[in-house]
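Only a predicted model underlies this, so the values are computations on that prediction, with no experimental measurement involved. Nothing fancy with the numbering, it's 1 onward along the sequence.
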Amino acid sequence: MISGGPSAQDPAPARDSPRIAASSRGEGAAPAAVPVGRERTRTVTLVVLSQVVHFLTISAIALLLPLIREDLGISFTQAGLLSVAATLSYGLMQIPAGFLADRFGPGRPFFFGLFGWSAMCLAFGMVHAYWLALLTLLIAGAFRALLFAPGLALLASWFPSGRRATAMSLFMLGGFSGSILLALAGPPLAERYGWRAAFIGFAALGVGTAFLYRALAREKPRTQPLRQIAPAEVLRLAAYPIMWVCSGLQFVRFTVVTAFNFWLPSLLVADRGLSVQAAGLVMAMSAALTASSNTLGGYVSDRLRNPPLVIGGALAILACTSALLTAVDSIPLLLAVIAVNSVFLQFYFGPLFVVPMEALGPRFAGSATGFANLFANIGGLTTAYALGVVKDHTGTFTPGFVGVSLVCLAGVALAVVLARMRRAAVRG
């Protein structure tokens with residue numbers, strides 16, 4: 001474990017610092033009577049399945065956005081505000097969600113997150129007024145936050161420390177699987193039944209999966225009672241410089257993810273003249289490549305034991321693909337750029353989230369994840385709004401994606417800083 005705090009040579013007692021002995025983290029073996037292997041397999045499977053159905057709805061908002069815009073009669077800027085509403089509440093709830101996972105365990109918050117998000121998506125499929133759509137997604141985003149930090153903490157708790165980057169990549173593997181399924185099934189269903197019926201059907205699957213998870217999933221058995229943390233302990237995370245560097249990188253990460261996941265379908269339809277069905281096939285290809293590379297990125301990071309290298313390398317490639325996206329003219333070259341971009345879009349997801357856990361210990365996994373992911377969603381919120389404004393004012397997405405490329409270059413610089421901090425801490 002490395003130190004990310006103000007002083008690597010003067011650690012505070014366990015009760016005053018996030019760094020605590022392994023015996024108090026619930027990492028020990030479970031009682032012999034508990035079938036740990038079977039419980040782990042079932043719980044991990046259900047968490048991944050929950051991500052699949054969750055991404056059916058979150059991805060549908062972006063993929064079916066051209067149809068939603070036409071139905072509601074709104075501009076690109078107003079469409080971007082739909083994402084802003086969901087991202088705003090999602091981002092603001094990141095630290096509370098992580099705190100709830102650390103204080104009460106991640107299982108219950110995860111259930112309420114999936115159920116609440118899915119229920120609000122049911123409502124979104126039924127509203128016809130733009131302001132009601134905004135309000136519905138604002139509430140939905142708060143529930144969705146209960147899926148992220150608790151879900152990552154739940155998965156990580158079932159794996160040893162040397163495999164946690166890989167474990168975290170499984171969380172996103174479920175999401176990408178849902179995106180692939182949506183990209184293939186969403187457009188045909190929307191064409192035949194309308195976007196509302198398709199969206200409501202996906203949301204109903206989420207509600208059913210939430211109750212299936214509630215009935216069968218389990219938290220990892222603990223050798224000692226859960227030590228409840230106080231809000232003041234969470235606030236002390238801000239004293240660790242490594243948390244701020246990771247938060248800056250999270251801002252970069254989700255800026256890029258939102259640009260491609262939310263706006264790429266609209267770019268393909270509005271700027272390149274593709275149909276919604278064709279855009280769906282492109283997004284399915286993109287999600288498939290991202291899903292496989294996400295797990296590979298976690299594995300490579302665990303093998304190399306050098307997360308900053310994986311993070312910086314991926315961002316350097318993303319800086320190039322973001323700039324090329326609007327520069328290439330032919331559709332084959334455009335698809336090649338999207339394919340390369342997709343491989344590295346979330347290649348560094350696991351490595352980036354594992355660094356704070358590596359620095360602070362797994363007992364604060366939820367709070368540290370929520371802290372960093374708050375800044376990720378500030379980046380996503382900014383991109384969701386800004387690219388819509390750029391499109392409305394310039395008639396093209398080109399300036400927006402050039403800006404995304406510059407953000408990636410800033411991320412490469414932050415990865416260099418992170419590498420130096422990590423080396424210094426290890427030497428100390």
Side-chain angles (χ1 to χ4, degrees), residues 55 58-72 74-84 86-87 176 179-180 182-184 186-187 190-191 195 252-290 315 317-346 379-408:
F55 267 72
I58 190 65
S59 299
I61 296 174
L63 181 59
L64 303 180
L65 190 61
L67 303 178
I68 297 172
R69 279 200 315 109
E70 182 179 353
D71 190 351
L72 297 179
I74 58 177
S75 67
F76 283 98
T77 300
Q78 289 174 309
L81 284 174
L82 290 175
S83 179
V84 167
T87 305
F176 296 131
S179 296
I180 295 170
L182 182 278
L184 295 175
E191 183 179 23
W195 77 266
V252 173
R253 179 187 70 84
F254 211 57
T255 291
V256 184
V257 168
T258 301
F260 282 90
N261 286 352
F262 187 77
W263 284 117
L264 183 57
S266 293
L267 181 150
L268 294 173
V269 173
D271 282 11
R272 296 306 177 98
L274 272 65
S275 66
V276 173
Q277 290 76 13
L281 292 175
V282 174
M283 296 306 292
M285 175 200 72
S286 175
L289 291 171
T290 305
L315 285 171
I317 294 172
L318 289 171
C320 297
T321 56
S322 298
L324 287 171
L325 180 67
T326 54
V328 298
D329 293 323
S330 71
I331 295 299
L333 282 177
L334 176 64
L335 294 178
V337 171
I338 293 173
V340 174
N341 183 87
S342 301
V343 169
F344 291 95
L345 188 61
Q346 294 274 31
L381 184 152
T382 303
T383 306
Y385 179 72
L387 265 66
V389 173
V390 166
K391 172 63 176 175
D392 277 336
H393 282 77
T394 68
T396 175
F397 284 105
T398 297
F401 278 93
V402 171
V404 170
S405 178
L406 296 176
V407 171
C408 290

Item to check | Under 3.5 Å: donor-acceptor pair, side chain of Glu70, backbone of Leu67 | outcome: no
Checklist entry - Do Val252 and Leu315 come within less than 4.5 Å of each other through their side chains, counting heavy atoms only? => result yes
Item to check | Distance-minimising heavy-atom pair for Phe76 and Ser266 | outcome: CE2-CB, 4.4 Å
Checklist entry - Does any N or O in the side chain of Asp271 come within less than 3.5 Å of the main-chain N or O of Phe397, such that one atom is a donor and the other an acceptor? => result yes
Checklist entry - Does the side-chain contact (heavy atoms from CB on, under 4.5 Å) test come out yes or no for Ser83 and Ile61, once each step is laid out? => result CA-CA 8 Å; Ser83 179; Ile61 296 174; over 6 Å; no
Item to check | For Leu184 against Ala284, the heavy-atom pair lying closest together | outcome: CD2-CB, 3.8 Å
Checklist entry - If you round to the nearest 0.5 Å, how far is OG1 of Thr77 from NZ of Lys391? => result 11.0 Å
Checklist entry - Taking side chain as C-beta onward, heavy atoms only, is Val256 less than 4.5 Å from Cys408? => result yes
Next on the checklist: Does either side chain, that of Ser405 or that of Ser322, offer a donor lying less than 3.5 Å from an acceptor on the other one?
Outcome noted: no
Next on the checklist: So which atom in Ala287 and which in Ile180 form the shortest heavy-atom distance, rounded to 0.1 Å?
Outcome noted: CB-CG1, 3.4 Å
Checklist entry - Roughly how far apart are Leu63 CG and Asn261 CG, rounded to 0.5 Å? => result 11.0 Å
Checklist entry - Within the distance-only criterion (no hydrogens, no angle test), does the side chain of Trp263 pair as donor or acceptor with the backbone N or O of Ala384 below 3.5 angstrom? => result yes
Checklist entry - Can you check whether Leu325 reaches Phe260 side chain to side chain, under 4.5 Å on heavy atoms? => result yes
Checklist entry - Do you know the tightest heavy-atom contact between Pro187 and Leu182? => result CD-O, 3.5 Å
Name every donor-acceptor pair, under 3.5 Å, that has one atom in a side chain of residues 330-341 and the other anywhere in the protein, sequence neighbours excluded.
unit_1, atom_1, unit_2, atom_2, d
Ser330, OG, Leu333, N, 3.3
Asn341, OD1, Thr321, OG1, 2.8

Next on the checklist: Can you give me the closest heavy-atom contact between Pro66 and Ala62, atom names plus distance?
Outcome noted: CD-O, 4.1 Å
Item to check | Spacing of Met283 atom CE and Leu268 atom CG [to the nearest 0.5 Å] | outcome: 7.5 Å
Next on the checklist: To the closest 0.5 Å, what do you measure between CG (Leu82) and CD1 (Ile68)?
Outcome noted: 7.0 Å
Next on the checklist: Rounded to the nearest 0.5 Å, what separates atom CG in Leu64 from atom CH2 in Trp195?
Outcome noted: 8.0 Å
Next on the checklist: Ignoring hydrogens, what is the shortest heavy-atom contact between Asp329 and Arg272? Give both atom names and the distance.
Outcome noted: O-NH1, 3.8 Å
Item to check | Gap between atom CG of Leu381 and atom OG1 of Thr258 - 0.5 Å precision | outcome: 9.0 Å
